[in-house]
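Contents: one structure, followed by commentary.
Labels below follow one simple rule: chain letters A, B, ... track the order of the sequence lines, proteins then strands, and each chain is numbered from 1. Quantities reported herein were computed from a predicted structural model and do not represent experimental measurements.
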There are 2 protein chains.
Amino acid sequence: MPATSTGAAGGARRPGTRSRGAGGAATSAAPRQRQRERSDATVEDLLTAARALFATDGYGATSLDAVCERAGVTKGALYHHFTGKRELFSGVYAREQEALAAAISAAYLKVADRPWEALFEGSRAYLEASIDPEVQRITLFDAPGALGWEAMRTLGFDCRELTFRGVARAIRKGAIPARPADPLTSMLYGGLSESAMAIARAEDPQAALAETLDELRRLFDAIAGS
Amino acid sequence: MPATSTGAAGGARRPGTRSRGAGGAATSAAPRQRQRERSDATVEDLLTAARALFATDGYGATSLDAVCERAGVTKGALYHHFTGKRELFSGVYAREQEALAAAISAAYLKVADRPWEALFEGSRAYLEASIDPEVQRITLFDAPGALGWEAMRTLGFDCRELTFRGVARAIRKGAIPARPADPLTSMLYGGLSESAMAIARAEDPQAALAETLDELRRLFDAIAGS
DNA sequence: ACAGTCACATACCTTCGGTATGTATGTTCC
DNA sequence: GGAACATACATACCGAAGGTATGTGACTGT
């Protein structure tokens with residue numbers, strides 16, 4: 001044990017001054033609640049910091065030291081809550097997927113009684129949300145290489161699964177000609193993802209988005225009426 | 001300059017024993033040809049070794065030391081021919097794209113007089129070639145994160161560009177209803193890429209491929225007849 | 001209040017991408 | 001044909017970054 005007591009005397013030092021929770025009022029209100037809140041707050045800070053850096057610098061160029069510094073924590077905290085860089089990114093990715101899935105579901109449910117139209121609206125929502133370069137960097141560029149196919153699909157509620165359900169339901173309800181749902185799901189989901197990337201890199205993203213939605217409309221009409 | 005003469009006396013040591021070319025016959029046959037051949041051979045070895053490791057272990061998990069060892073060279077050689085890991089991967093990626101593009105073109109040209117059918121055949125070729133997990137790991141999983149969008153599209157003859165040309169030509173020739181070519185290109189190319197990944201992970205890849213080609217047929221027919 | 005656990009902080013190790021430098025093999029020019 | 005130069009590497013080293021071992025104070029059940 002070289003150089004034990006570092007610097008000044010003991011006590012919780014700089015990185016963060018962890019002391020969340022609503023003041024120090026009722027200590028007996030919640031038995032083991034304090035530690036949970038502290039943990040949750042730290043995890044929240046780590047995920048927020050990581051999401052910001054991953055989104056702008058990318059997975060490879062983001063160092064855990066930078067994440068910890070931004071979160072006001074040290075690597076001890078990070079490795080206490082995550083097994084490593086992969087799982088940290090995994091957490092960020094899961095949140096991103098959750099947000100996308102929420103947007104898709106909300107759009108879908110507005111016209112859920114018309115299955116095919118509902119899938120179109122869900123697709124539109126996914127496309128519009130996925131245009132954000134930060135979202136793209138995480139979910140479309142870095143996630144495949146960092147997490148792999150299996151992890152991407154098993155993590156939280158992924159959008160591909162949502163798309164599959166929408167396609168399957170449209171088929172079941174007879175909104176489009178009968179067929180296996182998987183192939184069409186892949187074509188639709190992959191097409192939308194690639195479209196989002198292309199739109200974000202276009203000279204005029206707004207125009208590109210409009211053109212893409214037009215094409216999507218044509219495709220949906222063509223599929224339904226064949 | 002610490003520890004100058006390392007180990008035994010000088011002389012070209014183990015890593016490779018570079019001595020390509022057709023023997024040492026006519027020395028005056030080609031003026032500056034020997035070095036070129038040597039360089040080309042080294043680059044070839046590096047790209048081959050890198051492709052093997054990148055394909056199986058992925059970009060992040062592949063170390064340059066491992067690549068050099070497999071190629072029978074040291075890092076001095078690698079950094080003489082490439083600026084770094086990115087460019088090495090870039091070279092591997094470019095070759096992969098070239099091979100895919102060649103397969104697409106060959107299939108397309110067989111029925112080039114029917115633009116829409118030709119694009120279908122090109123799509124089929126891309127799909128079948130992209131099912132290989134090694135190809136996928138390089139071109140679909142790691143390339144986006146490692147190279148980014150711009151580099152992927154400007155590197156060599158990329159398949160998306162080929163798809164675009166096929167779509168644009170089909171529109172120009174009136175094989176499908178008029179529309180901007182870019183959105184449909186994205187939907188098609190992205191859909192095929194995602195489909196390839198799904199097929200490779202399916203329980204029965206052959207059956208999944210057949211179903212996907214059926215769906216592709218339906219989609220092409222629907223688009224043409226709308 | 002005391003023992004045990006949790007949530008971190010500190011210090012260290014190892015791997016790996018990248019660089020600086022040395023050197024043998026061509027290549028060119030006189 | 002040999003000196004001068006360029007090319008194609010090999011060797012040795014550096015710094016950054018992911019990961020680990022260990023210590024310590026705050027929190028918690030008894």
Side-chain angles (χ1 to χ4, degrees), chain A residues 1-21 24 27-28 30-43 45-46 59-69 71-89, chain B residues 1-21 24 27-28 30-43 45-46 59-69 71-89:
Chain A
M1 61 293 281
T4 311
S5 64
T6 318
R13 281 179 219 58
R14 270 157 297 97
T17 321
R18 301 281 134 187
S19 64
R20 311 285 175 140
T27 36
S28 64
R32 53 161 65 150
Q33 208 60 17
R34 295 288 294 227
Q35 297 233 70
R36 276 295 302 266
E37 287 177 9
R38 201 160 83 111
S39 278
D40 291 351
T42 300
V43 170
D45 290 349
L46 280 168
Y59 179 77
T62 298
S63 78
L64 297 183
D65 287 326
V67 172
C68 291
E69 186 185 347
V73 196
T74 64
K75 287 166 73 167
L78 197 160
Y79 278 92
H80 180 72
H81 293 289
F82 300 92
T83 65
K85 192 178 186 182
R86 294 271 284 272
E87 197 184 284
L88 177 64
F89 180 79
Chain B
M1 57 296 279
T4 312
S5 63
T6 318
R13 284 179 216 55
R14 270 158 299 97
T17 322
R18 302 278 135 188
S19 64
R20 310 287 176 138
T27 36
S28 64
R32 54 161 66 148
Q33 207 60 18
R34 295 287 296 228
Q35 296 233 70
R36 277 295 302 266
E37 286 179 9
R38 200 161 84 111
S39 279
D40 291 352
T42 300
V43 170
D45 290 349
L46 280 169
Y59 180 78
T62 298
S63 77
L64 297 183
D65 287 327
V67 172
C68 290
E69 186 185 347
V73 196
T74 64
K75 287 166 73 168
L78 197 160
Y79 277 92
H80 180 71
H81 292 289
F82 300 92
T83 64
K85 192 179 187 182
R86 294 271 284 272
E87 195 182 286
L88 176 64
F89 180 79

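Among residue pairs with one or both ends in residues 73-88 of chain B, those qualifying as salt bridge (charged side-chain N to carboxylate O under 4.0 Å, His left out) are Asp65(B)-Lys75(B); sequence neighbours excluded.
The shortest distance between the side-chain N/O atoms of Thr42(B) and the OP1/OP2 oxygens of dC9(D) is below 4.0 Å. Distances shorter than 4.0 Å separate some side-chain N or O of His80(B) from OP1 or OP2 on dA8(D). The shortest distance between the side-chain N/O atoms of His81(B) and the OP1/OP2 oxygens of dA8(D) is not below 4.0 Å.
Between Arg38(A) atom CZ and dA7(C) atom P the separation is 8 Å, expressed in whole Å. Straight-line distance from the CZ atom of Phe82(B) to the P atom of dC9(D): 11 Å, rounded to whole Å. Regarding Gln35(B), its CD atom lies at a distance of 5 Å from the P atom of dT27(C), rounded to whole Å. If you take CD of Glu69(B) and P of dC16(C), they are 12 Å apart, rounded to a whole angstrom. One interatomic measurement links the two molecules: CG of Leu78(A) to P of dT10(C), which rounds to 15 Å at whole-angstrom precision. One can place CD of Glu37(B) at 17 Å from C1' of dC9(D), the figure rounded to the nearest angstrom.
Remark: Phe89(B) pairs with Phe54(B), Tyr59(B) by the ring pair (Phe, Tyr, Trp, His ring centres under 6.0 Å) rule, at least two apart or across chains. By the side chain to side chain contact (heavy atoms under 4.5 Å, CB included) test, Ala66(A) pairs with Leu53(A), Ser63(A), sequence neighbours left out.
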Pairs: protein N or O with nucleotides 16-19 of chain D N or O, under 3.5 Å:
| from | atom 1 | to | atom 2 | distance (Å) |
| --- | --- | --- | --- | --- |
| dG18(D) | OP1 | Thr62(A) | O | 3.1 |
| dG18(D) | OP1 | Lys85(A) | NZ | 3.1 |
| dG18(D) | OP2 | Leu64(A) | N | 2.8 |
| dG18(D) | N7 | Lys75(A) | NZ | 3.1 |
| dG19(D) | OP2 | Tyr79(A) | OH | 2.9 |
| dG19(D) | OP2 | Lys85(A) | N | 3.0 |
| dG19(D) | O5' | Tyr79(A) | OH | 3.4 |
| dG19(D) | N7 | Lys75(A) | NZ | 2.9 |
| dG19(D) | O6 | Lys75(A) | NZ | 2.9 |

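Side chain of Thr74(B), nearest nucleotide from dC8(C), dT11(D), dT27(C): dT11(D).
The shortest distance between side-chain heavy atoms of Cys68(A) and Thr74(A) does not fall below 4.5 Å. At a threshold of 4.5 Å between non-hydrogen side-chain atoms, the residues Val73(B) and Leu78(B) do not count as touching.
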Side chain to side chain contact (heavy atoms under 4.5 Å, CB included) between Glu37(A) and Gln33(A), worked out: CA-CA 6 Å; Glu37(A) 287 177 9; Gln33(A) 208 60 17; 3.8 Å; yes
